[in-house]
Amino acid sequence: MELICPAGTPAALRVAVDAGADAVYCGFNDETNARNFPGLNFSRAEMRESIAYAHTHGAQVLVAVNTFPRAGAVALWERAVDDAVAAGADALIVADIGLLAYAAAAHPGQRLHLSVQAAAANPDAIRFYREAFGIRRVVLPRVLAVHEIAAIARSVPCETEVFVFGGLCVMEEGRCSLSSYATGRSPNMHGVCSPASHVGYRDEGGRMVSRLGNFTINRFDPGEPAAYPTLCKGRFRAGDSSFYLFEDPVSLDAAALLPALRDAGVTALKIEGRQRGRAYIEAVVRAFRRTLDALDAGQPTPPGGLQALTEGQTSTEGAYRKGWR
Amino acid sequence: MAGNGTNRNNAAIPVVPRPIAAAVGVLPLAPIGSALGLVLGAVLRRHRRIFDRLGAHAGKRFGLRPTDVPIALVLHADPTRPRITVGRRLPAHGLHARIAGPLAGLAGLVDGRLDGDAMFFSRALSVEGDIEAVVALRNAIDDAGIDLLGDAASLLGPFARPAERMARTAFAFAGVFIQPTGGAARSGPWN
């Protein structure tokens with residue numbers, strides 16, 4: 001299985017490559033990708049230089065152009081596709097049907113991957129993208145159990161990629177409007193969920209209060225592990241109890257499931273975290289590289305030791321072992 | 001300041017021993033400020049693209065407060081005249097954002113040895129104010145590949161390498177583990 005690793009900056013890309021990534025995914029510094037954070041991402045020149053670095057070191061670069069173009073501004077997204085191809089991208093990660101059609105027509109030889117933002121979670125949908133646009137790989141939404149992934153992998157005419165580590169989304173990927181509701185900006189259209197411009201933290205008698213827009217998202221007791229202030233991970237209070245309604249503030253860690261994912265026919269394993277620092281990327285990529293190498297050699301897989309890097313200092317296997325539905 | 005934790009999750013980040021912190025508390029601030037100004041200049045001469053990544057946030061004023069040493073720094077990220085000032089506490093007004101954590105944690109962020117999100121999750125790091133500016137600063141610094149002591153030692157010309165070795169030993173003794181960029185993350189406390 002291939003190891004697909006995140007990079008938010010050229011320095012992070014080099015770290016990911018050096019730590020053992022088979023491929024690195026990244027995006028331009030604008031709203032055409034789903035991690036449009038301040039100070040993050042790649043200029044055109046940086047993209048060209050970074051792709052050259054990766055290729056020199058035997059790694060591939062997948063360029064995410066995976067937000068949904070706004071009416072009247074489609075040229076920005078088409079230019080991102082053109083520039084990524086010109087920079088030598090090994091594949092484009094795209095979600096929008098119109099942009100897929102453009103990429104397939106304008107660059108017929110270019111390898112296309114269907115972004116997780118497209119939320120294609122069944123064989124019929126995936127076959128449509130394959131037949132209509134020639135996608136070579138689908139990044140599966142984080143809503144599927146391992147046996148469902150196996151069923152999909154068996155019946156679709158393209159490769160499958162699944163997330164194995166990092167932040168989790170509420171189970172409406174590509175369709176979630178919570179951030180848009182709270183801030184007017186969304187991951188789907190602007191490339192940013194719960195934008196930092198709308199985030200606030202303050203101390204309230206020793207407790208940390210996190211806010212997003214006009215909403216209080218959480219109150220953390222002294223010493224209690226904290227989380228991003230996204231609405232999906234807000235803590236609600238009813239009566240005398242408080243609880244997480246949509247999603248707990250935890251990170252995905254599917255390291256223990258790699259043998260099952262391999263047996264399910266998965267082609268590639270994806271690490272989330274383009275917004276994270278080099279230290280995170282190096283630690284996580286090295287840990288999964290070690291685990292994959294051990295798996296390939298038929299040896300016991302070493303413990304990852306990544307708990308301290310997780311949101312809320314807690315991890316989950318998420319829907320891969322879901323006990324609902 | 002929000003998230004100013006002192007909990008079990010902070011155990012991985014070394015804290016400056018109290019006798020050393022107390023000694024810093026009686027040192028005159030003026031020479032510390034002058035030295036830090038020189039270091040800032042050396043860092044920014046080597047890493048000009050920091051300002052490119054700061055974008056619209058260049059020119060903002062960031063308050064940096066080590067939680068284990070009785071000093072506070074104000075970084076004015078002005079591309080034309082960047083400067084850093086030192087005081088015993090952060091000013092009440094005039095800052096766009098405030099960042100607080102153990103000195104070794106703050107140094108680890110500058111060197112790219114520690115992950116800022118992980119520090120925030122563990123409550124070792126707290127931020128307040130213009131969070132977008134803080135995120136931009138973090139990303140700009142993380143991409144720059146700053147080697148804090150190496151950049152500072154470069155000011156000493158032919159004496160740079162022995163001075164860097166001595167400084168690393170001294171900081172390690174003080175509990176502030178500053179390592180060269182690149183291999184540092186492999187042995188960082190978060191791994």
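In what follows, chains carry the letters A, B, and so on, assigned in the order in which the sequence lines appear, proteins first and then strands, with residues in each chain numbered from 1.
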Worksheet entry | side-chain contact (heavy atoms from CB on, under 4.5 Å) evaluation trace for Ser126(B) with Met208(A) | CA-CA 9 Å; Ser126(B) 66; Met208(A) 184 182 76; 5.9 Å; no

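In this structure, Tyr201(A) and Ile131(B) have side chains that are in contact, with non-hydrogen atoms separated by less than 4.5 Å.
Closest approach of Glu128(B) and Arg202(A) over heavy atoms only: OE2-CA, 3.9 Å. Of all the heavy atoms in Gly145(B) and Arg278(A), the pair that sits closest is CA-NH2, 4.0 Å. Here the closest non-hydrogen pair linking Arg123(B) and Pro225(A) is CG-CA, 4.4 Å. The two residues Ala118(B) and Ala308(A) have their closest heavy-atom pair at CB-O, 3.5 Å. Ser122(B) approaches Gln313(A) most closely through the heavy-atom pair CB-OE1, 3.5 Å. Residues Ala196(A) and Val135(B) share a closest heavy-atom pair of CB-CG2, 3.9 Å.
With chain A as partner, the option from Leu137(B), Ile141(B), Asp117(B) having the largest number of non-hydrogen pairs under 4.5 angstrom is Asp117(B). Contact count versus chain B (heavy atoms, under 4.5 Å) is highest, among Asp18(A), Leu40(A), Leu13(A), for Leu40(A). Chosen from Ala11(A), Ala226(A), Gly277(A), the residue pairing most often with chain B at heavy-atom distances under 4.5 Å is Ala226(A).
For the ring pair (Phe, Tyr, Trp, His ring centres under 6.0 Å) condition, the pairs that include at least one residue of residues 209-228 of chain A, sequence neighbours left out, are Tyr181(A)-Phe215(A), Tyr228(A)-Phe121(B).
Residue Ser210(A) does not touch chain B at all, counting heavy-atom pairs closer than 4.5 Å.
No more than 12 heavy-atom neighbours from other residues, nucleotides or ligands sit within 6.0 angstrom of CZ on Arg237(A).
Listed by sequence position, Arg49(B), Arg53(B) are the residues of residues 27-53 of chain B in contact with chain A, using a 4.5 angstrom heavy-atom cutoff.
None of Asp115(B), Asn139(B), Asp142(B) except one satisfies the side-chain hydrogen bond (donor to acceptor under 3.5 Å, both in side chains) rule with Arg276(A); the exception is Asp115(B).
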